[in-house]
Number of protein chains: 2
Amino acid sequence: MSTLGRVASAEPAAVDPAAPPYNAAQNRIIAAAIELFAEHGVGGTSLSMIADAVGVTKAAVYHHFKMKEEIVLAAAQAELANLEAAIDTAEAEPNRSRAREVLVARIVDLAVERRRMESTLLSDPVIVRFFAHHEPYLRVMDRLYRLLTGEGAVPDARVSAAMLTAAIGGAVMHPLVADLPDEALRSQLLHLARRFLDLPD
Amino acid sequence: MSTLGRVASAEPAAVDPAAPPYNAAQNRIIAAAIELFAEHGVGGTSLSMIADAVGVTKAAVYHHFKMKEEIVLAAAQAELANLEAAIDTAEAEPNRSRAREVLVARIVDLAVERRRMESTLLSDPVIVRFFAHHEPYLRVMDRLYRLLTGEGAVPDARVSAAMLTAAIGGAVMHPLVADLPDEALRSQLLHLARRFLDLPD
DNA sequence: GTCTATACGCGGATAGAC
DNA sequence: GTCTATCCGCGTATAGAC
């Protein structure tokens with residue numbers, strides 16, 4: 001059943017050019033969009049808001065992206081790339097347990113550093129629906145839970161990986177911890193995440 | 001003893017009528033809104049969509065709610081009430097460790113049962129921002145982390161409670177586990193949540 | 001590449017008939 | 001309580017000048 005990637009041309013095509021090489025102007029737009037999406041949600045963010053944040057007009061934005069959907073896609077992929085970079089680093093580690101340690105630490109850093117963004121974006125309904133059948137995303141997630149659990153795509157490993165990433169991502173944007181300084185949040189988060197994985201203190 | 005909304009805060013209040021007694025027609029609107037918010041996000045859900053889902057016109061909806069914001073508030077409070085009910089049950093338990101067990105089990109059930117809704121709604125940027133300074137919400141969360149940690153509002157307890165609720169809520173709507181049957185998801189989730197809390201297997 | 005101007009529909013919200 | 005009709009602003013998107 002290798003219908004993988006063989007996109008039917010009759011489709012509205014969903015806009016997945018899978019073409020991450022953007023220029024400087026495009027990257028400024030993407031960066032602004034990410035912040036706004038995190039604050040207002042994808043649906044609550046207009047092109048005017050993005051254009052204003054960048055300091056240009058809507059028409060200028062449309063010169064770089066044909067549709068809003070393309071910006072959403074680019075923003076989601078940009079955040080996904082951060083996660084992928086963390087996985088790359090972890091996979092370079094020689095032994096399994098060390099790889100898990102590095103991965104967890106990186107993900108915690110990433111989440112705290114970017115607070116709401118990484119998390120809010122990757123949990124936005126629009127983006128979740130998009131990623132649910134997005135091959136590159138699924139591959140990243142596959143690598144992620146292999147690293148975390150040392151196993152393949154068995155259900156237990158998937159639930160575990162989903163919980164840990166949701167826990168880290170969701171915790172940093174939780175109102176309960178909004179007033180905690182980054183460092184306190186980071187260390188506590190790391191401690192608890194390690195415990196979740198049965199890593200030594 | 002649900003004391004939700006019983007507060008006479010001298011707030012600017014914006015829209016917080018704190019009046020949870022809704023009639024049947026209003027409840028049908030709220031139920032439809034919750035599903036749509038979960039699927040499209042608050043910002044991505046229009047009053048027309050809600051009206052269509054209920055099977056009436058926008059004007060009819062406006063007869064029951066003066067503004068969209070009121071529907072958002074009602075939806076969020078409805079989901080919060082589910083959580084509060086779980087806490088009520090847990091607090092009725094005579095001893096601490098039993099209370100935690102009951103609470104975790106209830107929260108897991110709730111999350112799985114409602115899959116995306118509970119979680120997506122409570123993590124929507126619009127709602128998160130609203131709840132961040134919402135007294136009834138903060139009181140529910142306070143009771144929650146007291147139950148979970150046996151302690152007061154110390155930072156560690158807050159991070160732990162934030163992580164656990166985020167883990168459970170986020171995991172059920174994660175694309176990684178989208179194809180798992182409810183029962184498998186529920187049992188694995190419960191197992192891991194209990195482990196996170198150091199509860200015996 | 002960025003602007004002004006504009007098309008066009010949909011969003012929230014209201015008036016008033018039944 | 002629900003409808004039709006309507007207001008107005010904002011949303012996405014495009015055309016064309018500089």
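Bear in mind the structure is a predicted one, so any value in this text is a computation, not a measurement. Sequence lines set the chain letters: A, B, ... in the order given, protein chains first and strands last, and positions in each chain run from 1.
With respect to the salt-bridge test (charged N to carboxylate O, under 4.0 angstrom), the residues A:K66 and A:E70 do not qualify. Using a 4.0 Å cut-off between charged nitrogen and carboxylate oxygen, A:R186 and A:E113 do not count as a salt-bridge pair.
Contacts between residues 43-65 of chain A and DNA chain C, counted as heavy-atom distances below 4.0 Å, involve A:V56, A:T57, A:A59, A:A60, A:H63, A:H64.
The shortest distance between side-chain heavy atoms of B:M141 and B:F131 does not fall below 4.5 Å. No side-chain heavy atom of A:E79 sits less than 4.5 Å from a side-chain heavy atom of A:L83.
In summary, contact between chain B and DNA chain D, defined as any nucleotide atom under 4.0 Å from a heavy atom of the protein, begins and ends at D:dG1 to D:dT4 in the 5' to 3' direction.
Looking at A:S119, its side chain never comes within 3.5 Å of a backbone N or O of A:M173 through a donor-acceptor pair.
Taking atom CE of residue B:M67 and atom P of nucleotide C:dG11, one finds them 19 Å apart after rounding to whole Å.
The residue from A:R100, A:R143, A:R98 that alone fulfils the salt bridge (charged side-chain N to carboxylate O under 4.0 Å, His left out) condition with A:E91 is A:R143.
The CG atom of B:L36 lies 5.5 Å from the CE atom of B:M49; values are rounded to the nearest 0.5 Å. Here CG of B:L122 is found 7.0 Å from OH of B:Y137. Values are rounded to the nearest 0.5 Å.
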